[in-house]
Each structure stands twice: as structure tokens, then as C-alpha cells.
There are 2 protein chains.
Amino acid sequence: MPTSPEYARSVAEALKTLGLTKYEALVYVALLQVTKATATEIHELSGVPRASVYPVLDRLLQKNMVTVSHTTPKRFSATPPDNAINTLLREIEEKATYAKDVLGELWKDRTCIEGGDQELIWNILGDANITSRLRDLIYQAGNEIRIMGNWALLKDLREALEERAGEIRIDVIAEHWEGAVPEGVTVTTTVPPVWHEKGKMGERAGMLFVDGTKVMVAMGSHGEAPTALFSEAEGFVRFFSRYWDLIHGFGEKK
Amino acid sequence: MPTSPEYARSVAEALKTLGLTKYEALVYVALLQVTKATATEIHELSGVPRASVYPVLDRLLQKNMVTVSHTTPKRFSATPPDNAINTLLREIEEKATYAKDVLGELWKDRTCIEGGDQELIWNILGDANITSRLRDLIYQAGNEIRIMGNWALLKDLREALEERAGEIRIDVIAEHWEGAVPEGVTVTTTVPPVWHEKGKMGERAGMLFVDGTKVMVAMGSHGEAPTALFSEAEGFVRFFSRYWDLIHGFGEKK
DNA sequence: ACCGTGTTGTTTTTGTTGTAACAACATTTA
DNA sequence: TAAATGTTGTTACAACAAAAACAACACGGT
């Protein structure tokens, strides 16, 4: 039984995303809590069946998470978590850059299907994903950014906006702005548009124009999982562009 | 069928270490090669059974690797690999730091079993793991480093050695040294000790002393998987220390 | 009525999880 | 010294869960 309280579960979960199995996680965590142990001790400490301990330790050896001393009986010892996890992580990051390389190539010369995809409206699901997409759009903007939204949405984009502030024109419409306004950014405060009133304040809501050709709109979830829309469709862009101008008329420069 | 040749397999492998399943990888790679596609097209492109495409796309949607357009039929589009993979990676790295935190705490106050583990000799398996361990030892050295080895072993440690060069005393014994010798490092060249002659030259071989109390010896694999030994056992340390002095007598400062 | 889409089950397969049995060895006991 | 006991390391295999592969069907549009 791990002396640790509830951490056990969440840590095991974390280790699993790093590529370990449940048993591997259990054994490693158990082994961390002593300086060394025999297979049987590990079995008692971790709750993993004794017979299963051996193959598990083999795999952990390959992964450089434990070391073995060839005495009788064999003794095992955990490598310090910092080293062990960094090793795992390096492996993963390596694969990641490789995948990025190859897939990036593949993607560059993808075949352009006729019926232009620019006319479609794409959905992005999930809060984190929406923020992530907005950030990407900001970083990849060519010459102009216009963004309007509540603070819940804007606060996670400050960093990205600041970084682009020097390079391209950035206009912001917000109910308010907390902290310093970055150099090169124009902030217009105005009465809350529709999406600010809507119930829960914590929900991200707003819209982002990039280069006058792309729009992303986050609408706040109506009970469902949060969803945002992205499009380069002309009608879609024009509609929200009008809306922007309308609101902009009300606002006051800051 | 993916238009790509043999990459397909290795990329799928890489994506799996990032937490995707086989189907998820296949679908994503297929979808990358076109600007957009319906479920049926994805099925044809990827070889994944049509019925399975839907749940797979759902999961990819959650992971922000594809977007959906709610037309009839639904259209799907891959998010650019850079963004997609970074999102995956961030998730994993987050878990990793969490695990490091919690496990680091756990490890700090592990219960010290009697029969001192310092008297044991520990085995480290695998080439990468050996290098990684050597590096860790170098970074964590308190006041002195002595290292002797062939170039195959030394060349991967240059960086680590350079970093510590200013802070602590470092002595190196090598058959030769390529490139500039870092400031603060003493290199002694000498005739190749036993392990240099042994057959294959590419194999890492050598020994590392840290603070006069810890030794790690990499012996070159005799057919088996490469193995290194680590110990703080007094007899073990003394034995190799003598050996060091012996070799050192032959060498010439450089 | 027909075709393709999207959905719902069910079977097969794979890999992990869990149990049982056993040979090799060391230690104790007679 | 030899038998008895207990532990270690291995092997085989049952149980289970998740993913993969297949089959069937309701629905909407033509």
C-alpha cells in the first residue's frame, strides 16, 4: 500500500500518459518510497501480484526507471524521479519533433480538393482547444488583428497579443482591460455586447478577425461543451465585420 | 492508402507514443493529405472501417486534431500538424512536471531501509540509459569528477562536462580528445587501456568517479545489451581508484 | 424506392491484469 | 548428512478491458 494518500491515483494517471502501464506506475511509485527492495517486497508494497512484478521490472529497466543489483535475491532501486521522467519525456519529445517534421511536409503539399474548404464553417470543441486555436491564429496573422471579447477570453491571449504588438496592427474591443495595455495595441472599451450578459461570466466569449479574411467566434456553451466557429467564408466574415463596425462606433478609444 | 511511402509506419508509431491509437493516427495522417473530407472519404483514404471512423473522429475532435463542419454530410479537416502536436505535447509535459513534483516529494523522504544500499552494485541497461545516467552524475557532482573512457563515450558528455568545468575540478583520461578542451578541464592522453582494444570501436566504454565516493563503469556489451555498473561500495570504488592512478601514471598532461 | 450517411450493436483481437503451478536454490531441522 | 521447509525466479494460462473489425439498420435526400 502506498503510504501516500490520494496522490497515488492522480500520479499513476500522469505516469500512464507518459507511456507506463498501471503496474509499471504502481511498482515505480512503490519503489520510490524505499532505497531498495526485493521483488517480494515490491509485491507487498505495491499490491502488484508477485509473478507480475518481474516482467514489469524488466520493462522499467529498459526505460531506465529502475536499476538492478545482481545479488540473490535481486535488489531493485528506483532512479530519481527527475532523471527518470526526463528520460521518458526526452523520448517522447523526440518522436514529437519527428512527427512534426514528416507530417509538416505531408501537409504542405496536400492535394487541394475542389469545392474550396474556405467556404465552410468549422467547429472547434473544448475550452482549451479554443484558446489554443486563437493563439495560433494570432501568431500566424499576416498584417492585422481585430479582437473583441470578454475578459475571460482575453486574459489568456495577452501574451500572444503582446508578442505581435510591435509587428502588426492590433485593435481590441473589450468591456474593460486589466493591467497595462501593450505598446502598439489599440483598446476600445464599450458597453458589453450580447455575449457578456449571457449568464455565467466565466465563460469565454468573443470574436477574432485575422487579416480581414478569417474569423473565429467563441460563443459560450449553452449547457453543451464550449464550441467556437472558424471560417474564411466571405459572407460569414462580412457579417461579423459589420457587427464589429457597429460595436466599434459605440466605443471610446483608450 | 496513404500516398506517403514507408513513413506511414514510423509516423504512426511516433503518434502512438503521443497517446493516439492506431486508428486515430491513420485517420489523422489521411486527413492531413487533403484540405477536407467526409467520413466516407476518410474511410477510403485511411483504410479504417467506415463505422469506426466516427468514434475515432470524435476523439480527435476532443484532442483538437481535427475540426468539423456541420454540413450534410459532415466535413472534417485536420488541424495543422505543428499546432496539433504542440497541443498534445503540452498536455503531456504538464503531466510530467506534475509527476516530477509529487514523486520528488515522495522520494525525498523515502524510508531508509537498514542494510545500506550503498554497498550494492547496480546495473544500468541500454546505451541511451547509460549516457543519460552519466550525464546526471556529472550534473550532480559535488566537488570532483574523474572520467576515463574512449571517444564514443566521451563525445556525448562534452556538453555536460563543459557546463561543470568552471565549478569543480575535472580530470579526464582519454586516448585522444577531439575539439577544444574546455577551460578548467585537465585532459591526460595515454595508450588505450583494455577496453579500447576490445573489438568494436563504436561501443562506449569507460569509468566515471564522482566526489571520490561513487563510480560508474561502462564495459561495452559482450554481445548482450550494453550494461554499466554503478556503486558507492567502498571496495568497488577503491579498486577502480587504484586502476585510475595506475593509468594516470602512464599518461601525459595536455 | 434507392443510395449514402450516421448510428448502434456484436465479434474478434490484442495487451494488460491477475492466478496457479513449478523448478531451482537456500535455509532450517532432524 | 539428509529431509523438510520456504523463498526466488519462471512459465503457463485464465480473466478482463480497450481497441479493432464487422454487420445491421434507421434516416434524409434524391
Side-chain angles (χ1 to χ4, degrees), chain A residues 1-2 8-9 12-31 36-63 65-77 113 115 120 123 125, chain B residues 1-2 8-9 12-13 15-31 34 36-63 65-77 113 115 120 123 125:
Chain A
M1 69 203 83
R9 187 161 303 281
E13 208 50 45
L15 288 177
K16 274 200 262 182
T17 65
L18 292 170
L20 300 200
T21 68
K22 184 178 157 192
Y23 276 6
E24 288 168 352
L26 286 175
V27 166
Y28 180 68
V29 172
L31 202 44
K36 67 175 200 290
T38 67
T40 308
E41 288 166 350
I42 291 172
H43 150 64
E44 289 161 351
L45 225 49
S46 65
V48 172
R50 198 177 61 86
S52 302
V53 163
Y54 293 96
V56 168
L57 281 169
D58 274 344
R59 280 177 276 160
L60 288 177
L61 279 180
Q62 305 298 327
K63 293 178 179 167
M65 303 196 71
V66 307
T67 48
V68 60
S69 181
H70 282 149
T71 52
T72 48
K74 289 181 184 170
R75 309 280 157 139
F76 299 89
S77 174
I113 295 282
L120 294 176
N123 293 47
L125 271 64
Chain B
M1 68 204 85
R9 187 163 302 283
E13 209 50 46
L15 288 177
K16 273 200 260 182
T17 63
L18 292 169
L20 299 201
T21 68
K22 183 178 159 194
Y23 275 5
E24 287 168 354
L26 285 174
V27 166
Y28 180 66
V29 172
L31 202 43
V34 295
K36 68 174 201 289
T38 66
T40 306
E41 288 165 349
I42 291 172
H43 150 65
E44 289 160 351
L45 226 49
S46 66
V48 173
R50 198 177 61 84
S52 301
V53 163
Y54 294 98
V56 168
L57 281 169
D58 273 345
R59 279 176 277 162
L60 287 176
L61 239 16
Q62 305 297 329
K63 293 178 180 167
M65 304 196 67
V66 308
T67 47
V68 60
S69 180
H70 283 150
T71 51
T72 48
K74 288 180 183 172
R75 310 277 159 150
F76 298 89
S77 175
I113 296 282
L120 294 176
N123 292 46
L125 271 65

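The chains referred to below are lettered A, B, ... by the order of the sequence lines, with proteins before strands, and numbering in each begins at 1.
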**Request:** Search all heavy atoms of A:His43 against all heavy atoms of A:Val48 and return the closest pair with its distance.
**Result:**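 So the two residues come closest at ND1-O, 2.7 Å.
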
**Non-hydrogen atoms of B:Ser46 and B:Ala30 that approach each other most closely** =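 For B:Ser46 versus B:Ala30, the nearest heavy atoms are CB-CB, 3.7 Å.
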
Pairs under 3.5 angstrom only: tabulate donor-acceptor contacts from the side chains of residues 66-73 of chain A to other protein residues two or more places apart or in another chain.
from, atom 1, to, atom 2, distance (Å)
A:Ser69, OG, B:Ile121, O, 2.8
A:His70, ND1, B:Asn123, ND2, 3.4
A:Thr71, OG1, A:Pro73, O, 2.8

**B:Ala37: partners by side-chain contact (heavy atoms from CB on, under 4.5 Å), with sequence neighbours left out** =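 Result, side-chain contact (heavy atoms from CB on, under 4.5 Å) vs B:Ala37: B:Leu31, B:Val34, B:Glu41, B:Ile42.
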
**Short side-chain N/O contact to D:dA17 OP1/OP2 from A:Lys22, under 4.0 Å** =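 The answer is no; no side-chain N or O of A:Lys22 sits under 4.0 Å from OP1 or OP2.
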
Using atom [atom1] of [X] as one end and atom [atom2] of [N] as the other, report the distance to the nearest whole Å.
X	N	atom1	atom2	result
A:Glu44	D:dT7	CD	P	10 Å
A:Leu20	C:dG15	CG	P	18 Å
B:Lys16	D:dA19	NZ	P	12 Å
A:His70	C:dC25	NE2	P	16 Å
B:Leu26	D:dA21	CG	P	9 Å
B:His43	D:dA23	NE2	P	13 Å

**Item:** Which residues share a salt bridge (charged side-chain N to carboxylate O under 4.0 Å, His left out) with A:Arg50, sequence neighbours left out
**Value:**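 With neighbours one apart ignored, the set is empty.
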
All N/O donor-acceptor pairs, side-chain side in residues 16-23 of chain A, below 3.5 Å, sequence neighbours left out:
from, atom 1, to, atom 2, distance (Å)
A:Thr17, OG1, A:Ala14, O, 2.6
A:Thr21, OG1, A:Glu24, N, 3.3

Are there any protein N/O atoms within less than 3.5 Å of an N/O atom in nucleotides 11-13 of chain C, and if so, which ones and at what distance?
none

Could you pull out the protein-nucleic contacts involving nucleotides 6-9 of chain C (nitrogen or oxygen on both sides, under 3.5 Å)?
from, atom 1, to, atom 2, distance (Å)
C:dG6, OP1, B:Lys74, N, 2.6
C:dG6, OP2, B:Tyr54, OH, 3.0
C:dG6, N7, B:Arg50, NH1, 2.9
C:dG6, O6, B:Arg50, NH2, 3.0

**Request:** Evaluate the side-chain proximity of A:Lys74 to A:Thr38: yes if any heavy-atom separation is below 4.5 Å, no if none is.
**Result:**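 SC-SC contact between A:Thr38 and A:Lys74 ruled out.
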
**Message:** Quick check: do B:Leu15 and B:Val29 have side-chain heavy atoms less than 4.5 Å from each other?
**Reply:**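 A side-chain contact exists here, since the closest heavy-atom pair is under 4.5 Å.
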
